[in-house]
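Data first, discussion second: the structure below is written as structure tokens.
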2 protein chains.
Amino acid sequence: MTTKSANARQTRQQLIDVGADLLCRRGYTGFSYQDLARELGISKPSVHHHFAQKADLGLALCDWTEQWLRDGFAHFDQHGHNAPDKLQRYLRAAAKHTFNEHKQCPLSALHSDLAQLPDAMRARLSDLSRLEVDWVAAVFRQGLADGELQAPATASAQELAQLFIFACKGALYYARLLGREHFEQSMSLLLQQWLPDAQPAQSRTTL
Amino acid sequence: MTTKSANARQTRQQLIDVGADLLCRRGYTGFSYQDLARELGISKPSVHHHFAQKADLGLALCDWTEQWLRDGFAHFDQHGHNAPDKLQRYLRAAAKHTFNEHKQCPLSALHSDLAQLPDAMRARLSDLSRLEVDWVAAVFRQGLADGELQAPATASAQELAQLFIFACKGALYYARLLGREHFEQSMSLLLQQWLPDAQPAQSRTTL
DNA sequence: GTCTATAGCTAGATAGAC
DNA sequence: GTCTATCTAGCTATAGAC
């Protein structure tokens, strides 16, 4: 790092930032070094200077994704009043990303291209998926302990977290075509059952 | 149709069959006319003779997918004893497809490549997604009416069906990396709550 | 660190012979 | 209906000058 000039670091960082945006919009196989070069106003070989192989950029994008996840989780932890509020903030952020900005989350984008990813990236994506599950599981653990969430005694926080994430990601995939309301209906229905003191006659929770 | 020879129909059908297999294994952008030609032992232009543009083959694969869905649903309807059994058969088929045959369902494969699909295919995929939701919704409607399934009165059969499908598809995406047991745990947990006469001390339903 | 030039490959697609 | 040959365009990647 200390051997690299400020310019190099800046260009490298710009490549990662633009690459992350393209990853979320078009997927890993959906953008090329040509796209990056055009976006930054440099040539293709200059991109190769910073990331010799596309897989090198891919791994850097995995690092970027890890930081993106950690930043998001820290934000939800800081601003969320309790476990249900944290989950709702997670869902609102996902909806904004998908329907307002027309992007996939980087994890879903990478999962979509799974068959074409080099092994190193697959291993990294596996770790990132676990990282996401772990944060949601911690929220469930806290919520169950505090009585803000309720669930069958046979269900672990990790199992609840996985169901929550899988439903969210699947709903985002389908709702891109079926419409935002299908995402919101499904996730409200799922969350509803985990909220204590459910009033049957009441209208459902809004995200 | 009557103007085409038996050979032409056969080759065309073989292209669709091989194309469907490749679609499920590598996605729509993940296979080429070269792959199809190699698989059938013919040349690339011969493939173009049957499907001038790749989008033409893509639409034929959407037709194939519709039939694949209808056949599957008919099978589950015929052999399933009741609503929960039909849903479990659906899940078992999905698990077999994913973990034994290492394929995605054609719908998930198409959703993965959504950004690169021509408009006509997107419209078709939208219809196919609704077709899938409609069948699962019908199963829920039947199950709720027969008392084989239970759910909050505020939840419609369609909403339940969508949550079921979205969770299933998301779980399949993640479980390819995290392991089959994560799919089975999540879907058992989801189904469990919709089964009446839940015995809290009992071990969970197996798929 | 960036460039021009180019390699080698693959993609989707077409012309025209048989 | 299938072929050989070819086109244009895109891709990842490299050589080597400045």
Could you work out which one of C/dT2, D/dC3, D/dC11 sits closest to the side chain of A/D35? D/dC11
Regarding A/K169 and A/E132, does a basic nitrogen lie under 4.0 Å from an acidic carboxylate oxygen? yes
Taking only the side-chain heavy atoms of B/P45 (C-beta and beyond), determine which of D/dT12, D/dA5, C/dG12 contains the nearest atom. D/dA5
Round to a whole Å and report the spacing from CG of A/L57 to P of D/dA13. 11 Å
According to a strict under-4.0 Å criterion, is A/Q53 in side-chain N/O contact with OP1 or OP2 of D/dA13? yes
Taking B/K86 as the fixed residue, which of B/H81, B/E148, B/H75, B/Q142 is the one that meets the side-chain hydrogen bond (donor to acceptor under 3.5 Å, both in side chains) rule? B/Q142
For atom NZ of B/K44 and atom P of C/dA15, their distance in whole Å: 15 Å
Tell me: NZ of A/K54 to C1' of C/dT10, nearest whole Å? 14 Å
Can you figure out which of D/dT14, C/dA13, C/dT2 approaches the side chain of B/H48 most closely? C/dA13
B/T11 side chain near D/dT2 phosphate (N/O to OP1/OP2, under 4.0 Å): yes
Expressed in angstrom and rounded to an integer, what is the separation of A/L36 atom CG from D/dC11 atom C1'? 13 Å
Are any side-chain N or O atoms of B/D35 and backbone N or O atoms of B/S32, one a donor and one an acceptor, separated by less than 3.5 Å? yes
Any B/S43 side-chain N or O less than 4.0 Å from OP1/OP2 of D/dC3: yes
C/dT2 P sits how many Å from A/N7 CG, rounded? 7 Å
Can a donor-acceptor pair be found between the side chains of B/Q67 and B/D63 at a distance below 3.5 Å? no
Calculate the interatomic distance between A/F51 atom CZ and C/dG1 atom C1'; express it in whole Å. 14 Å
Is any side-chain nitrogen or oxygen of A/H49 closer than 4.0 Å to OP1 or OP2 of C/dG1? yes
Starting at CD of A/Q14 and ending at C1' of C/dG1, how long is that distance when rounded to a whole Å? 14 Å
Would you say C/dT10 has OP1 or OP2 under 4.0 Å from some side-chain N or O of B/S32? no
Would you mind reading off the distance between B/H50 atom NE2 and C/dT14 atom C1', rounded to a whole angstrom? 16 Å
Side-chain donor-acceptor pair under 3.5 Å between B/T11 and B/H49, yes or no? no
Please determine, for the side chain of A/Q34, which listed nucleotide (D/dA5, C/dC3, D/dC11) has the closest atom? D/dC11
